[in-house]
Student: 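Input: one structure, supplied below.
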Protein chains: 4
Amino acid sequence: MSEKRDQIVAAALKLFCQKGFQNTSTAAISKEAGVATGTLFLYFKSKEELINALYSETKNAMAAYVQEDLPAAAAALETQLLHCWRRAAEWALEHPFHYRFSAMFSNSPFITKLTRDEAASSFLFMQDIIEKGIKQGNLAGMDKNLFISLFSGQLHATITFVENQQSSSNHKEVLEQTFHFFMKGVAAA
Amino acid sequence: MSEKRDQIVAAALKLFCQKGFQNTSTAAISKEAGVATGTLFLYFKSKEELINALYSETKNAMAAYVQEDLPAAAAALETQLLHCWRRAAEWALEHPFHYRFSAMFSNSPFITKLTRDEAASSFLFMQDIIEKGIKQGNLAGMDKNLFISLFSGQLHATITFVENQQSSSNHKEVLEQTFHFFMKGVAAA
Amino acid sequence: MSEKRDQIVAAALKLFCQKGFQNTSTAAISKEAGVATGTLFLYFKSKEELINALYSETKNAMAAYVQEDLPAAAAALETQLLHCWRRAAEWALEHPFHYRFSAMFSNSPFITKLTRDEAASSFLFMQDIIEKGIKQGNLAGMDKNLFISLFSGQLHATITFVENQQSSSNHKEVLEQTFHFFMKGVAAA
Amino acid sequence: MSEKRDQIVAAALKLFCQKGFQNTSTAAISKEAGVATGTLFLYFKSKEELINALYSETKNAMAAYVQEDLPAAAAALETQLLHCWRRAAEWALEHPFHYRFSAMFSNSPFITKLTRDEAASSFLFMQDIIEKGIKQGNLAGMDKNLFISLFSGQLHATITFVENQQSSSNHKEVLEQTFHFFMKGVAAA
DNA sequence: CATGAATGAGCATTCATTCAT
DNA sequence: CATGAATGAATGCTCATTCAT
């Protein structure tokens with residue numbers, strides 16, 4: 001919306017990742033953003049609102065990116081999940097601060113239930129995909145939420161590993177490899 | 001060591017889990033522990049030292065529990081890993097505050113690199129197991145650290161899922177199931 | 001002068017009475033007045049100037065109303081004072097916000113000495129009336145300023161009492177009654 | 001209670017009288033009191049609580065002083081009221097900061113209704129005296145609250161006048177004089 | 001004249017830490 | 001060892017005021 005708002009968001013994201021939420025004062029954010037201390041509160045009612053807005057926007061942006069060009073519902077479950085896996089990783093690697101921020105704060109008490117629910121709702125399409133997969137018998141009998149947990153967990157472990165690697169030459173291969181490990185594991189017997 | 005120290009540790013653990021680290025004042029910890037505000041600083045030089053001590057002790061306790069009765073090095077890789085998986089889950093479910101605390105803070109900037117390294121060192125025995133497995137060709141070609149990441153990720157996702165379930169009847173089955181998914185996935189082709 | 005100025009004055013008066021001076025931000029005044037935040041400072045150099053202008057205008061308006069139709073100097077002291085008493089009460093009851101505002105702020109440090117003196121000067125005609133009365137021996141020996149203090153004090157107490165009454169049926173009687181109490185008290189023995 | 005508390009109370013009283021409530025920062029109070037900024041909040045939860053505590057204590061102290069040696073209920077109404085008039089004036093002149101503070105803030109929005117009611121309750125004994133006087137027919141027919149309003153108003157006007165006088169030689173006489181003016185006025189015809 | 005986004009000094013309040021008892 | 005009153009630096013937030021449009 002506003003250029004100043006963007007500067008504040010970028011500065012907050014950077015500092016939160018580097019020093020944590022509580023070790024980052026609103027004054028530090030304003031300074032890093034190159035605006036006055038009062039300006040932050042022009043765009044965000046409070047520090048907490050800033051955090052929650054950051055979280056919402058991050059989750060929504062990622063969900064939107066993942067959903068883009070999603071293979072039609074008619075496609076095979078594995079095709080759809082592979083798309084999600086790849087796109088999520090791509091987004092995370094291209095937005096490292098955003099990704100680290102949401103990883104760091106997704107379990108923090110600063111994210112209100114409201115924000116968490118809103119973020120969850122933008123990933124509802126994943127639930128649909130999985131439900132369909134379970135119904136079609138392509139997945140070993142498993143709770144839908146457990147499946148999502150395992151999927152995100154392995155994806156997250158892979159992204160973090162890839163991010164910390166020196167060379168970025170074989171990122172794609174690692175991602176494909178771990179995806180296939182995961183699918184081999186959960187495939188219906 | 002001291003009874004007061006134990007009370008402080010228990011109070012801190014409880015409050016950190018319930019309200020987060022920064023929302024828990026040392027005064028609140030002292031009150032919950034039933035000691036004076038100054039007493040906390042008799043046992044811990046600072047709040048940060050308290051956190052780090054808590055983290056170290058937690059990780060060490062868990063590592064010790066997991067290592068107990070570990071099948072001899074001669075045993076099959078899967079046997080050893082299953083032992084670790086089960087013991088880790090058992091410990092986590094029996095010490096929910098400890099487990100949640102270490103999960104919450106393992107990625108936080110409050111844990112110093114020193115502490116993190118010390119904690120990692122108490123899990124070195126896991127690395128040995130895995131290295132051996134890789135050498136023996138029982139695992140699909142994979143980086144040792146990636147393997148550990150995936151292993152812990154899947155284990156953590158399972159524990160969290162199980163912890164949040166209403167009924168505790170089928171905990172064991174879920175744990176066995178996700179372990180076998182994981183092993184099926186990473187087994188050498 | 002300007003319509004916007006009037007809106008600002010009215011809004012300020014209302015909010016100052018309802019929430020006090022310091023609890024009323026210039027932004028709130030502007031909003032209540034339906035103008036932009038900058039507009040207030042077009043008409044008043046500062047918030048303090050607004051307060052003082054409000055006070056001056058209020059006092060002058062009241063003084064002008066009281067002086068209107070004032071019985072000639074030749075009239076009896078009591079006749080003149082009764083006129084003042086009645087007119088002041090009428091004005092106060094018809095302009096409750098103005099009256100409460102000036103009551104609230106007449107002793108506040110926000111009213112500068114300059115403004116206070118200016119306000120006092122618009123009530124100089126009262127001093128003349130009283131001086132004349134003292135000279136003519138109609139008043140028990142008393143300091144002029146003490147007399148004015150007692151007069152205003154009793155008038156103010158009556159107005160406040162009447163304003164807070166539910167029914168407005170007997171306002172006039174109460175006003176006449178307290179006036180006569182006052183005059184009986186201070187009459188020359 | 002505590003020496004520090006006393007210092008804070010005295011400093012607050014002084015500064016509030018001199019510069020008003022909102023122009024006095026808690027830091028300024030602490031500095032004037034010779035304590036650290038945090039110490040104020042050790043004794044008062046907030047600035048507002050400090051104000052209200054000051055107001056309550058002031059009103060209670062004054063009420064206690066006025067009630068001391070109060071002529072027995074059997075005494076004449078005028079004897080009782082004269083005692084109150086004198087003692088109230090004495091207290092006000094001996095505690096000028098306290099008196100000015102309570103005068104300044106009795107109508108301010110910072111005094112909560114709770115505090116105001118508590119203060120009023122410590123002056124209930126005045127109501128009893130007046131009710132008795134009205135019943136005995138010693139007062140011109142008048143609402144009890146109106147009487148109290150007039151009484152306090154005239155007393156306040158006198159105290160303020162006396163306080164601002166240069167010489168303090170004839171304080172007593174002025175006080176007696178205005179009291180008799182007042183009583184002459186309200187006496188039953 | 002009028003606007004309202006932007007400013008930044010100022011403030012109330014918190015809380016980790018100390019130290020005299 | 002243990003206490004808890006006292007400290008004061010640090011922080012989130014407000015708001016009177018300015019100025020480019």
Side-chain angles (χ1 to χ4, degrees), chain A residues 1-5 7-8 22-31 33-50, chain B residues 1-5 8 22-31 33-51, chain C residues 1-5 8 22-31 33-51, chain D residues 1-5 7-8 22-31 33-50:
Chain A
M1 322 190 175
S2 147
E3 196 190 342
K4 303 244 174 212
R5 198 194 123 105
Q7 290 164 15
I8 291 167
Q22 299 270 12
N23 278 330
T24 301
S25 67
T26 56
I29 297 172
S30 300
K31 198 176 172 188
V35 302
T37 62
T39 307
L40 191 155
F41 295 94
L42 198 61
Y43 292 101
F44 304 96
K45 222 166 40 203
S46 67
K47 189 181 178 182
E48 204 179 329
E49 198 188 280
L50 166 62
Chain B
M1 320 187 177
S2 148
E3 196 192 343
K4 302 234 177 228
R5 199 194 122 106
I8 291 168
Q22 299 273 9
N23 281 330
T24 301
S25 67
T26 54
I29 297 171
S30 299
K31 197 177 172 188
V35 302
T37 62
T39 307
L40 191 155
F41 293 90
L42 222 53
Y43 293 100
F44 304 96
K45 214 166 52 198
S46 69
K47 187 181 179 183
E48 208 180 325
E49 201 189 276
L50 165 62
I51 309 252
Chain C
M1 318 188 177
S2 146
E3 196 191 342
K4 303 232 177 228
R5 201 195 120 103
I8 291 167
Q22 300 272 8
N23 280 330
T24 302
S25 66
T26 55
I29 297 172
S30 299
K31 195 176 171 188
V35 302
T37 62
T39 306
L40 190 154
F41 293 90
L42 223 52
Y43 293 100
F44 305 95
K45 214 166 53 197
S46 69
K47 187 181 179 182
E48 208 179 326
E49 202 189 275
L50 165 62
I51 309 254
Chain D
M1 321 192 177
S2 148
E3 197 190 343
K4 304 244 172 211
R5 200 196 122 106
Q7 291 164 15
I8 292 167
Q22 299 270 11
N23 279 330
T24 302
S25 67
T26 55
I29 298 171
S30 300
K31 197 176 171 185
V35 301
T37 62
T39 307
L40 192 155
F41 294 92
L42 198 59
Y43 293 101
F44 304 96
K45 221 163 43 198
S46 67
K47 189 180 178 182
E48 205 180 328
E49 199 188 278
L50 166 62

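All of these numbers come straight from a predicted model, not from anything done at the bench. Proteins come first, then strands; the chains are lettered A, B, ... in the order of their sequence lines, and each starts at number 1.
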Student: Any idea which of F:dT11, E:dA16, E:dT13 is nearest the B:Ser25 side chain?
Tutor: E:dA16

Student: Of the nucleotides F:dC13, F:dG12, E:dA16, which has the atom closest to the B:Thr26 side chain?
Tutor: E:dA16

Student: Could you list the residues that satisfy side chain to side chain contact (heavy atoms under 4.5 Å, CB included) with C:Thr26, not counting sequence neighbours?
Tutor: C:Leu40, C:Phe41, C:Lys47

Student: Between C:Ser46 and A:Ala27, which residue's closest nucleotide on DNA chain F lies nearer the 5′ terminus?
Tutor: A:Ala27

Student: Can you check the D:Lys31 NZ to E:dC11 C1' distance for me, whole Å?
Tutor: 15 Å

Student: Identify, with sequence neighbours excluded, every residue that meets salt bridge (charged side-chain N to carboxylate O under 4.0 Å, His left out) alongside D:Glu49.
Tutor: D:Lys45

Student: In this structure, how many angstroms lie between the P atom of F:dT17 and the CG atom of C:Leu50, rounded?
Tutor: 10 Å

Student: To the nearest angstrom, how far is A:Phe41 atom CZ from F:dA16 atom P?
Tutor: 17 Å

Student: Report the distance from atom CG of C:Leu50 to atom CD1 of C:Ile8, rounding to the nearest 0.5 Å.
Tutor: 8.0 Å

Student: Restricting to nitrogen or oxygen on both sides, can you table the protein-nucleotides 2-4 of chain F pairs closer than 3.5 Å?
Tutor:
from, atom 1, to, atom 2, distance (Å)
F:dA2, OP2, B:Tyr43, OH, 2.5
F:dT3, OP2, B:Ala36, N, 3.2
F:dT3, OP2, B:Thr39, OG1, 2.5
F:dG4, N7, B:Thr37, OG1, 3.0
F:dG4, N7, B:Gly38, N, 3.0

Student: Atom CG of A:Asn23 and atom C1' of F:dG12: how far apart are they, to the nearest Å?
Tutor: 15 Å

Student: With sequence neighbours left out, write down each residue that passes side chain to side chain contact (heavy atoms under 4.5 Å, CB included) with A:Ala28, or none if nothing qualifies.
Tutor: A:Leu15, A:Ser25

Student: Using whole Å, report how far CD of D:Gln7 lies from P of F:dA6.
Tutor: 10 Å

Student: Please report, rounded to the nearest Å, how far the P atom of E:dT18 is from the CG atom of B:Leu40.
Tutor: 12 Å

Student: Return the value, rounded to whole Å, for the distance between atom NZ of A:Lys45 and atom P of F:dT14.
Tutor: 10 Å

Student: Rounded at 0.5 Å granularity, tell me how far CG in B:Asn23 sits from CD in A:Gln22.
Tutor: 6.0 Å

Student: Which is true for A:Ser30 with a 4.0 Å heavy-atom rule: it touches a base, it touches only sugar-phosphate, or it touches nothing?
Tutor: nothing

Student: Could you tell me how far apart D:Glu49 (CD) and E:dT13 (P) are, to the nearest whole angstrom?
Tutor: 10 Å

Student: Tell me, what's DNA chain F's dot-bracket, Watson-Crick or G-U with both distances under 3.5 Å, | for other-strand, [ ] crossing?
Tutor: .||||||||||||||||||||

